[in-house]
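Here is the structure we will look at, set down as structure tokens.
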Protein chains: 2
Amino acid sequence: MTRSADAPGRRATILDVAAAAGVSRQTVTRAMNDMPGISAATRERVQKCAVELGYSPSRFAKGLVQGARTSVGLAIPDLTNPYFPAFASSVVEAATQRGWNVVVDDYGHGTGSGLDAVSRLAPQVDALIGYLGEHAAEAQSLMGSRPVVGLDCPGGSSAGSIGFDYPYAAGLALDHLASTGRHKVAFLDSDQGGPAGSRGAAVAAAAAAAGIPLARIHASPSATAARDAIGGLLEKEPGLDALLAFNDVMAAGVLKALHSAGRSVPGDCAVIGMDGIPLGELLTPELTTLALDLRAVGRAAVDLVEALLSGAVEPGSPAASLTLRHELIVRQSA
Amino acid sequence: MTRSADAPGRRATILDVAAAAGVSRQTVTRAMNDMPGISAATRERVQKCAVELGYSPSRFAKGLVQGARTSVGLAIPDLTNPYFPAFASSVVEAATQRGWNVVVDDYGHGTGSGLDAVSRLAPQVDALIGYLGEHAAEAQSLMGSRPVVGLDCPGGSSAGSIGFDYPYAAGLALDHLASTGRHKVAFLDSDQGGPAGSRGAAVAAAAAAAGIPLARIHASPSATAARDAIGGLLEKEPGLDALLAFNDVMAAGVLKALHSAGRSVPGDCAVIGMDGIPLGELLTPELTTLALDLRAVGRAAVDLVEALLSGAVEPGSPAASLTLRHELIVRQSA
DNA sequence: CCGTACTACGTGAACGTTCACGAATCTCAA
DNA sequence: TTGAGATTCGTGAACGTTCACGTAGTACGG
């Protein structure tokens with residue numbers, strides 16, 4: 001049946017159903033929610049009327065009286081970059097286990113920054129998880145006192161934060177490169193800043209510590225941009241024998257560039273990616289990468305939200321700030 | 001009049017703020033929503049009180065009185081399969097443009113079927129978009145008279161449906177294979193059924209039409225499963241010179257299997273994927289694939305939801321049923 | 001001094017649902 | 001016949017916000 005159109009556009013309410021079935025509100029409630037204290041006959045009659053009128057209860061009225069079912073917002077730069085869905089998937093899983101639901105906003109397309117996503121999300125959710133970059137403070141103010149968990153954000157400007165130990169990760173990578181006899185390394189950074197270039201800084205420090213000269217270039221964080229950026233670099237730096245990329249997607253572009261330049265990987269040049277997305281295994285050669293346990297990241301974010309919501313953890317306190325570590329997965333490319 | 005805000009778990013309401021600022025509800029509303037008719041001094045005082053009390057307006061009360069901001073549910077099998085985030089991204093984009101928001105449920109992890117996702121989503125959204133498989137009818141009944149747009153579902157059991165012209169796509173692929181002189185083709189299908197094996201059936205028909213013998217095998221739709229499945233096939237079918245995969249992810253696994261078996265692509269064996277996800281370009285060799293315009297798919301789904309919500313299109317009518325076509329993108333692998 | 005127009009603020013009502021009761025009606029044994 | 005208990009159903013209240021008014025106060029021109 002289509003929607004009953006005596007008042008077109010208007011949604012049927014519980015009272016319409018009650019009138020149609022010749023009963024009261026409460027009886028309709030009982031019928032719809034399978035509550036006891038109602039005869040089988042009336043239950044069926046009411047349900048039939050509800051279907052005919054196209055009635056479905058207002059989630060607002062329900063939420064108002066029953067207390068909110070918590071829903072968390074997830075602000076993500078770009079669902080097209082495989083890292084983020086992998087992360088989102090683990091957030092959705094952890095949230096679903098708690099009976100929460102997840103409202104996703106992807107601010108990659110269009111011109112909007114993360115703040116637009118947050119302002120869209122803010123009136124709709126009880127908590128926020130997101131890659132907020134340097135906008136974490138503004139995001140927190142948009143959310144008022146509701147928990148905000150920022151990932152990879154500089155400083156502790158949001159209620160909770162999850163960071164990554166880049167010095168540690170960079171150390172892993174450069175130790176590995178040094179121990180396999182690489183002499184000249186380049187780091188292909190993202191030009192989007194990210195958390196104030198902390199990855200680049202960590203890599204630079206680690207390279208210095210390992211005594212390996214480091215070239216640094218920038219490109220927008222996509223495979224094609226990375227491929228194009230590498231082209232010029234290879235001519236300018238002939239001695240290059242290792243490439244570290246900002247993330248796995250850029251590393252994929254690097255692999256393509258090296259392939260078309262006729263350089264063998266890892267023979268002529270080693271390549272290491274970052275983040276550990278499943279894509280890495282599918283590339284040729286398979287990508288050596290600094291991997292995150294992606295499920296752990298999502299779980300940690302949701303755990304933190306739960307702790308903040310329940311008050312078990314004080315916003316901004318040390319307990320609300322986690323640091324996760326990458327792990328070096330050695331495959332074929334380095 | 002003054003409510004005790006000392007009850008610790010209780011959220012602050014507009015009345016708490018009003019009492020703290022010594023004004024009425026309505027003045028708080030005016031201050032929070034930047035409405036006219038309030039002096040700058042009181043506005044600031046009220047806003048300060050709101051921040052101090054950690055007040056944020058109840059989205060339920062707001063929605064109840066102001067009329068719903070429409071939110072659509074997106075039920076997706078597996079965010080880990082790159083196809084779905086690519087699709088989700090375009091849905092989120094189209095929905096955001098309309099001021100809607102998107103609640104995502106990923107039912108891939110855990111044991112739950114798509115129906116669990118729908119039942120979680122149903123009380124939270126005004127419309128549903130999803131890969132519902134054969135559960136489209138049940139999904140529709142869970143959603144009552146609210147619009148449901150099922151993708152790739154058999155039959156017209158939901159209000160709206162978006163299908164794909166598999167015979168056409170399979171024709172494209174097999175014509176291309178035939179015209180490049182392939183003699184023996186295998187189709188690696190998903191064992192998840194999908195829409196009753198319609199991809200496999202279409203490929204079989206097209207192969208018959210092209211006069212090319214076809215072998216069919218099945219595997220779960222992941223790259224590793226595909227790789228493992230191909231291993232055996234290559235020994236059993238030595239004459240095989242072309243492989244068509246259920247989707248691009250499986251095609252990636254196929255490429256790996258061929259590579260480790262020492263078969264060159266496309267020299268010894270051509271490979272064609274399906275769906276056209278960005279991943280394909282990053283593989284070696286780059287994947288020839290039957291591509292969907294993924295942004296168009298998301299846009300079509302959201303357009304259809306809008307038409308159903310507004311009543312411009314009758315649920316279940318021919319206008320509510322779209323068919324999209326794949327396009328053959330020839331890259332290196334075939 | 002009056003009336004008019006404007007500013008700043010407050011009060012009843014409504015949104016649609018569930019909760020906590022209370023009021024019928026029916027059953028059945030003493 | 002009666003009264004207790006179970007079954008079935010209905011009524012006020014409440015959730016937290018905004019809308020449509022209403023009402024003071026203030027400014028200003030006549």
Side-chain angles (χ1 to χ4, degrees), chain A residues 3 7 9-47 49-50 53-70 122-124 126 144-146, chain B residues 1-5 7 9-47 49-50 53-70 122-124 126 144-146:
Chain A
R3 50 186 65 227
R10 222 184 69 81
R11 268 179 64 157
T13 80
I14 201 173
L15 291 178
D16 299 323
V17 179
V23 295
S24 72
R25 295 171 316 196
Q26 184 62 17
T27 299
V28 177
T29 294
R30 281 188 269 255
M32 299 301 294
N33 300 8
D34 285 317
M35 296 167 61
I38 181 177
S39 75
T42 38
R43 164 168 298 153
E44 272 183 42
R45 182 161 41 95
V46 169
Q47 288 176 340
C49 288
L53 293 180
Y55 166 74
S56 59
S58 153
R59 65 171 176 282
F60 296 109
K62 213 164 194 164
L64 192 56
V65 63
Q66 285 187 325
R69 173 173 172 176
T70 67
Q124 309 280 343
D126 305 304
S145 67
R146 290 167 291 172
Chain B
M1 289 295 161
T2 15
R3 324 174 61 103
S4 58
R10 229 182 61 81
R11 264 179 68 155
T13 81
I14 201 174
L15 291 179
D16 299 322
V17 179
V23 295
S24 73
R25 294 171 317 194
Q26 183 62 17
T27 299
V28 177
T29 293
R30 281 189 269 255
M32 299 301 293
N33 299 9
D34 285 316
M35 295 166 63
I38 181 176
S39 74
T42 35
R43 165 169 296 152
E44 273 184 40
R45 182 160 42 94
V46 169
Q47 287 175 341
C49 287
L53 293 180
Y55 166 73
S56 59
S58 153
R59 66 173 176 283
F60 296 108
K62 212 164 195 164
L64 191 55
V65 63
Q66 284 188 325
R69 173 173 172 177
T70 65
Q124 310 280 342
D126 306 304
S145 68
R146 290 167 291 172

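For clarity, every value in this text was computed on a predicted model and none was experimentally measured. In what follows, chains carry the letters A, B, and so on, assigned in the order in which the sequence lines appear, proteins first and then strands, with residues in each chain numbered from 1.
Nucleotide D:dG16 holds its P atom 14 Å from the CZ atom of B:Arg59, rounded to whole Å. For A:Ile14 and C:dT18, the CD1 to C1' distance is 8 Å, given to the nearest whole Å. One can place CZ of B:Phe60 at 13 Å from C1' of C:dG16, the figure rounded to the nearest angstrom. Following rounding to the nearest Å, B:Gln66 (CD) and D:dG16 (C1') show an atom-to-atom distance of 12 Å. Distance A:Lys62 NZ to C:dG16 C1': 11 Å, rounded to the nearest Å. Going from atom CG of A:Leu15 over to atom C1' of C:dC15 covers 11 Å, rounded to whole Å.
A salt bridge (Lys or Arg N to Asp or Glu O under 4.0 Å) check over residues 20-29 of chain A, counting only residues at least two apart or in different chains, returns nothing. A salt bridge (Lys or Arg N to Asp or Glu O under 4.0 Å) check over residues 27-38 of chain B, counting only residues at least two apart or in different chains, returns nothing.
Remark: A:Thr13 is not in phosphate contact with C:dG16, judged by side-chain N or O atoms under 4.0 Å from OP1 or OP2.
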Q: Treat primed atoms plus P, OP1 and OP2 as sugar-phosphate and everything else as base, then score nucleotides 6-12 of chain D 5' to 3': B for base contact with protein heavy atoms under 4.0 Å, S for sugar-phosphate contact only, - for none.
A: --SBBBB
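Every residue two or more places apart in sequence or in another chain that forms a side chain to side chain contact (heavy atoms under 4.5 Å, CB included) with A:Thr29 is listed here: A:Ile14, A:Gln26, A:Asn33, A:Met35. With sequence neighbours excluded, the residues satisfying side chain to side chain contact (heavy atoms under 4.5 Å, CB included) with A:Ala20 are A:Cys49, A:Leu53. Considering only residues two or more places apart in sequence or on other chains, B:Ala61 meets the side chain to side chain contact (heavy atoms under 4.5 Å, CB included) condition with A:Leu64, B:Ser58. Partners of B:Glu44 under the side chain to side chain contact (heavy atoms under 4.5 Å, CB included) rule, at least two apart in sequence or in another chain, do not exist in this structure. Here B:Arg59 pairs with A:Asp126 under the salt bridge (Lys or Arg N to Asp or Glu O under 4.0 Å) rule; sequence neighbours left out.
No donor-acceptor distance shorter than 3.5 angstrom exists from the side chain of A:Arg45 to the backbone of A:Gly22, with no hydrogens or angles considered.
Of all nucleotides listed (C:dC15, C:dT18, D:dC19), C:dC15 comes nearest to the side chain of B:Leu64. Closest approach to the B:Val65 side chain among C:dC15, C:dT17, C:dC19 is made by C:dC15 (side chain taken as heavy atoms from C-beta onward).
The shortest distance between side-chain heavy atoms of A:Arg146 and B:Ser56 falls below 4.5 Å.
Where the helix from C:dC1-D:dG30 to C:dA30-D:dT1 starts and where it ends, the local axes point in directions that differ by 60°; five pairs per end, rounded to 10°.
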